[in-house]
A.B. asks: 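Got a structure for you, written out below as structure tokens; questions coming shortly.
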Amino acid sequence: MYKILKAEKLAANIYLMDVEAPRVARHCEPGQFVIVKMDEKGERIPLTICDFDREAGIVTIVFQPVGASTTKMTELKAGDAFRDFTGPLGCASEFVTEDIETLKNKKFLFVGGGVGAAPIYPQVKWMKEHGIDVDVIIGSKTKDLLILEEEMKAVSGNYYPCTDDGSYGHAGMVTSMIDELVEKGNKYDVCVAIGPMIMMKFACLTTKKHGIPTIVSMNPIMVDGTGMCGACRVIVGDEVKFACVDGPEFDGHLVDFDTAMKRQQMYKTAEGRAMLKLQEGDTHHGGCGHCGGDE
Ligand code: FAD
Ligand code: FES
Ligand code: MG
């Protein structure tokens, strides 16, 4: 069992939990994720690692309730425990293995949308810990939905909050903030954009226009998280990749977002899941409880 040490509501629909998971905390790196299960029969829920403390053996997750399982998760409190907390899964962000001196000569721009601020955080923190100042844009619909602000400010070089309704920071979407920074003369070698699929798609169109190579973190339906079931397929360039083992981070200028978004939409209905099965063969499509993918 994996004990929840802290359970906190960060914003109207966003929750944070500190979980006692010493083995995951010891081995994880920015960019990786875990798969949690609340109980024996529970769905497998993939969640990005938002922070970790190797010494204390704690991993932080941040999540948004979107369906039955994540809504049930909001009822858990400090002292409760997860049945499973599997990880670290997926590949670490590429920069973690790059030469530090080479990295110091690159200018990074991190862009987080909504709950995407959570996976951005450990990456920006890693940069700070290695003496690299980066620019950070965090967008949300309105001021009350901006999360981890103080934490993010503490590790960012320059921090640019944006709200769609103009209630705080830059008025407008993260894409217009990217345009503004570039138009002001900032030059970026790499952009890392994480958030809802639609936000990553448009962030990539914007960075492509400015010629900035861009990494995105994909969150397709995942079942086993170990490359066995094929549920998490993503088209990158002319290749089919499995996000759980080849990713979750990919070259955003090569990702086929339209197919990825269509796949996610189809998953929402039983008919759509049957169609995915017909099109892609006898693979599982994500903890629907009927296909046996959780077993
Ligand atoms: P459902 O009602 O079952 O589904 C609602 C929607 O959630 C679906 O349409 C689909 O888009 C998505 N979803 C459902 N099941 C899965 C599944 N097995 N795998 C992936 N997506 C699914 N969410 C966060 O709030 N915070 C995170 O840090 C985070 N990190 C993620 C990292 C990865 C690598 C992946 C793949 C997903 C991540 N997600 C994250 C999304 C999260 O896993 C889903 O929101 C959650 O599984 C939904 O479960 P549900 O049963 O409540 O919703
Ligand atoms: Fe990636 Fe099964 S979740 S192959
Ligand atoms: Mg579900």
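Order of listing sets the numbers, starting from 1, for every ligand and every atom in it.
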A.B. asks: List every atom of ligand 2 that sits less than 4.0 Å from any heavy atom of G225, numbering the atoms from 1 in the order shown and giving each element.
C.D. replies: 2 (Fe), 3 (S)
A.B. asks: Is C50 touching ligand 1 with its side chain, its backbone, both, or neither, if touching means heavy atoms under 4.0 Å apart?
C.D. replies: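 Neither part.
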A.B. asks: Is the closest N or O pair between N219 and ligand 1 shorter than 3.5 Å?
C.D. replies: no
A.B. asks: Counting heavy atoms only, which part of E43 comes closer than 4.0 Å to ligand 1: side chain, backbone, both or neither?
C.D. replies: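 E43 to ligand 1: side-chain contact only, backbone stays beyond 4.0 Å.
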A.B. asks: Heavy atom under 4.0 Å from ligand 1: found in I61's side chain, backbone, both, or neither?
C.D. replies: neither
A.B. asks: Output yes when the distance from some N or O of ligand 1 to some N or O of G67 is under 3.5 Å, and no in every other case.
C.D. replies: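 The answer is yes, given that G67 and ligand 1 share an N or O pair closer than 3.5 Å.
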A.B. asks: List every atom of ligand 2 that sits less than 4.0 Å from any heavy atom of G230, numbering the atoms from 1 in the order shown and giving each element.
C.D. replies: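 Matching atoms, with element in brackets: 2 (Fe), 4 (S).
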A.B. asks: Atoms of ligand 2 less than 4.0 Å from M228 heavy atoms?
C.D. replies: 4 (S)
A.B. asks: What I want to know is whether P46 and ligand 1 share at least one N or O pair that is separated by under 3.5 angstrom.
C.D. replies: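 Yes - when backbone and side-chain N and O of P46 are compared with those of ligand 1, one distance drops under 3.5 Å.
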A.B. asks: Where the side chain of Q123 meets the backbone of F110, is there a donor-acceptor pair that is under 3.5 Å apart?
C.D. replies: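 Not a single qualifying donor-acceptor pair exists.
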A.B. asks: Could a heavy atom of A68 be found less than 4.0 Å from some atom of ligand 1?
C.D. replies: yes
A.B. asks: Just to be sure I'm reading this right: ignoring hydrogens, which of L47, I45, I35, V223 gets closest to atom 46 (C) of ligand 1? Compare them by their nearest heavy atoms.
C.D. replies: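 Among L47, I45, I35, V223, the closest heavy atom to atom 46 (C) of ligand 1 comes from I45.
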A.B. asks: Can you name the atoms of ligand 1, numbered from 1 with element, that are less than 4.0 Å from a heavy atom of Q264?
C.D. replies: 9 (O), 11 (O)
A.B. asks: Between the side chains of Y160 and E180, does any donor sit under 3.5 Å from an acceptor?
C.D. replies: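 Checked: Y160/E180 side chains show no N/O donor-acceptor pair below 3.5 Å.
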A.B. asks: Can you tell me if D246 uses its side chain to pair, donor with acceptor, with the backbone of F242 under 3.5 Å?
C.D. replies: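 Between the backbone of F242 and the side chain of D246 there is a qualifying donor-acceptor contact (under 3.5 Å).
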A.B. asks: Would you check whether Q64 has a nitrogen or oxygen atom less than 3.5 angstrom from a nitrogen or oxygen atom of ligand 1?
C.D. replies: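 Yes.
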A.B. asks: Is P119 close enough to touch ligand 1? Criterion: a residue heavy atom under 4.0 Å from a ligand atom.
C.D. replies: no
A.B. asks: Just which atoms of ligand 2 are under 4.0 Å from any heavy atom in C244?
C.D. replies: 1 (Fe), 3 (S), 4 (S)
A.B. asks: Using a strict 4.0 Å cut-off to heavy atoms of V66, name the atoms of ligand 1 that fall inside it.
C.D. replies: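 Listed by number with element: 5 (C), 7 (O), 45 (O), 48 (C), 53 (O).
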A.B. asks: Among side-chain atoms of D84 and T86, is any donor-acceptor pair under 3.5 angstrom?
C.D. replies: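 The answer is no; no qualifying pair exists.
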A.B. asks: In this structure, which one of L109, I120, T175 forms a side chain to side chain contact (heavy atoms under 4.5 Å, CB included) with I137?
C.D. replies: L109
A.B. asks: Looking at non-hydrogen atoms alone, which of I194, T70, V62 comes nearest to atom 27 (C) of ligand 1?
C.D. replies: V62
A.B. asks: Tell me which one of F82, F33, Y15 satisfies side chain to side chain contact (heavy atoms under 4.5 Å, CB included) with I61.
C.D. replies: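 The option that passes is F82.
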A.B. asks: Pick, from Q32, M222, R263, E249, the option with the minimum heavy-atom distance to atom 17 (C) of ligand 1.
C.D. replies: M222
A.B. asks: Can you sort out which atoms of ligand 2 are near C229, meaning under 4.0 Å from one of its heavy atoms?
C.D. replies: 2 (Fe), 3 (S), 4 (S)
A.B. asks: Using a 4.0 Å cutoff against the non-hydrogen atoms of C232, which atoms of ligand 2 qualify?
C.D. replies: 1 (Fe), 3 (S), 4 (S)
A.B. asks: Count the heavy atoms belonging to other residues, nucleotides or ligands that lie under 6.0 Å from CG of D238, then report whether that count exceeds 12.
C.D. replies: no
A.B. asks: Number the atoms of ligand 1 from 1 as they appear, then name those within less than 4.0 Å of a heavy atom of F63, with their elements.
C.D. replies: 24 (C), 25 (O), 26 (N)
A.B. asks: Classify the side-chain pair H170/T163 by whether it contains a donor and acceptor separated by less than 3.5 Å.
C.D. replies: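 Distance-only check fails for H170 and T163.
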A.B. asks: How about T142 and S167: does a side-chain donor come under 3.5 Å of a side-chain acceptor?
C.D. replies: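 Per modelled atom types, T142 and S167 side chains form a pair under 3.5 Å.
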A.B. asks: Just which atoms of ligand 2 are under 4.0 Å from any heavy atom in D224?
C.D. replies: 2 (Fe), 3 (S), 4 (S)
A.B. asks: I'd like to check which ligand 2 atoms, numbered from 1 as shown, lie under 4.0 Å from a non-hydrogen atom of V223.
C.D. replies: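 It comes down to these atoms of ligand 2: 3 (S).
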